[in-house]
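Index from 1, following the sequence. For ligands, and for the atoms within them, numbers begin at 1 and follow the listed sequence. As the structure is a computational prediction, the values presented were derived from the model and not from experiment.
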Amino acid sequence: MAVTAESQALQALIGELVAIPSVNPELVPGGEGELTLANHVAQWLRERSLSVTLQETAAPSRPNVIGVAKGRGGGRSLILNAHMDTVGVSGMSDPYSGKVAGGRIFGRGSVDMKAGLAIAMLAASQAARANLRGDVIVAAVADEEYRSIGSEALVKDWRADGAILTEATGLDVITAHKGFGWYEIATEGIAAHGSRPDHGHDAIGDMGGVLLGLKQLALELDSRPKHPVLGAPSVHASLITGGQELSSYPAHCSVQIERRTIPGETRQQVQDEFQTIVASCSAADRNFRGELRTLLWRDCLDLAPDAPIVTSLVRSITKVTGTKPNVLGASGWTDAALLASAGVPAVIFGPTGDGAHGEEEWVDIGSVETCYEAVLATMREFCA
Ligand SMILES: [Zn+2]
């Protein structure tokens with residue numbers, strides 16, 4: 001893209017969005033949250049004739065912004081989804097500068113993902129003037145960096161025939177990624193003075209059998225048939241706590257576990273695997289008291305390569321860049337899975353950058369322009 005009015009608008013908008021802090025308060029106590037940014041995004045979209053609502057999420061004062069460019073009717077609808085929250089800024093010298101240098105825009109959230117948010121906003125504002133048949137819905141969501149309460153709220157009220165998440169992918173198209181589950185297994189012992197083994201029962205010792213079971217499960221998962229794109233499922237212990245003090249039998253121990261899943265694995269099946277570990281510890285020791293809890297479950301993303309949103313996006317990128325993009329699987333989980341599980345085929349396609357959770361974050365301006373042009377072309381074709 002030459003230095004056009006649109007390119008300048010895009011850069012200016014990214015700068016504006018980076019300058020408004022929106023650190024996720026669940027990650028950093030005292031973080032600003034999304035409200036100020038949400039009001040700014042809402043105002044910007046209203047000024048460009050979109051019909052805008054602030055949608056409540058599960059947390060107070062952390063709304064989504066939904067802007068709709070209404071089509072004439074009879075066409076396919078498209079959601080452009082981007083999150084407003086960022087991770088913290090510790091160690092960064094000037095996190096909200098939005099400084100432009102060497103073809104890059106710097107600052108917290110530049111690549112993750114205020115550039116993507118700006119792309120979605122500007123594209124939707126073009127839709128408002130493009131006389132399309134289908135609706136274009138820009139969804140600026142809260143809390144993607146923590147528990148995704150934003151996209152969870154979004155899919156309760158909003159549907160579309162396709163969605164693009166403009167999260168940074170280096171201009172690759174991501175159609176698949178793993179899902180995950182978070183679990184806790186707690187063992188119960190009996191607190192007693194260390195000199196009284198006749199009274200006490202060691203909850204941490206009991207966790208030994210659980211950890212061994214997890215280790216065996218990890219090996220077994222690795223030997224299962226692999227998904228062609230995403231590889232093998234996996235499991236690991238993440239956090240462990242237990243005990244009161246050095247001279248006592250520990251009354252409690254708990255281990256929190258993460259399980260990464262591949263398409264085809266069900267919530268029930270994964271839960272049963274952990275239940276089997278607990279059951280075999282019980283069978284081996286009649287004093288063992290262990291309990292399994294599911295903390296969170298997130299589906300995989302596994303979009304058909306011939307889904308219309310994929311083919312339309314691939315065609316548009318090819319038109320804009322002259323080369324066919326890579327269509328890939330990614331390792332990390334995204335909000336796209338929430339949309340896909342709700343029946344909205346969602347792909348991830350965004351610009352290039354680095355330092356998403358690091359001390360120097362930047363986004364490449366050339367890739368932002370390419371991404372914007374490709375999203376615009378997709379919108380014009382998909383919603384025509
Ligand atoms: Zn992100």
Side-chain angles (χ1 to χ4, degrees), residues 13-14 17-18 20-28 31-34 37-38 41 57 59 62-65 79-90 92 95-96 98 104-121 123 138-155 163-180 260 296 298-301 328-340 346-364 367-368 371-372 375:
L13 183 55
I14 295 168
L17 300 177
V18 169
I20 302 172
S22 57
V23 173
N24 190 316
E26 294 287 352
L27 298 179
V28 181
E32 298 80 4
E34 298 87 352
L37 181 59
V41 170
T57 67
R62 300 189 61 195
N64 293 332
V65 183
I79 289 176
L80 301 175
N81 177 302
H83 65 84
M84 295 184 287
D85 58 319
T86 71
V87 297
V89 296
S90 91
M92 296 182 86
Y96 305 115
R104 296 171 172 178
I105 301 175
F106 291 82
R108 176 55 83 227
S110 53
V111 71
D112 188 14
M113 60 175 291
K114 289 176 176 179
L117 177 57
I119 288 164
M121 289 164 68
V138 53
V141 298
D143 193 46
E144 189 273 350
E145 298 286 359
Y146 184 61
R147 282 183 83 112
S148 298
I149 59 172
S151 282
E152 263 184 340
L154 174 73
V155 296
I164 302 172
L165 278 80
T166 47
E167 188 84 78
T169 63
L171 300 176
D172 292 336
V173 176
I174 306 295
T175 58
H177 62 61
K178 289 181 182 177
F180 70 93
R260 296 276 167 167
L296 188 67
R298 294 295 191 209
D299 288 332
C300 301
L301 178 70
L328 304 171
S331 55
W333 187 87
T334 74
D335 276 6
L338 287 175
L339 280 92
V347 290
I348 309 150
F349 169 67
T352 304
D354 205 1
H357 293 201
E359 290 184 5
E360 186 175 71
E361 181 176 347
W362 55 269
V363 66
D364 172 82
S367 74
V368 168
C371 178
Y372 169 74
V375 168

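- The shortest distance between side-chain heavy atoms of Arg108 and Val87 falls below 4.5 Å.
- The Zn ion (ligand 1) sits nearest to atom OD1 when only the N, O or S atoms of Asp112 are considered.
- At a cut-off of 3.5 Å, with distance as the only test, a side-chain donor of Ser151 or Asn81 sits close to an acceptor on the other residue.
- Looking only at N/O/S atoms, His83 comes nearest to the Zn ion (ligand 1) through NE2.
- None of the N, O or S atoms belonging to Glu145 lies under 2.8 Å away from the Zn ion (ligand 1).
- Distances from the Zn ion (ligand 1) show that Glu144 has no N/O/S atom below 2.8 Å.
- Side-chain contact between Ile348 and His177 is present, with heavy atoms from C-beta onward closer than 4.5 Å.
- Between Arg147 and Glu26 the shortest side-chain heavy-atom distance does not fall below 4.5 Å.
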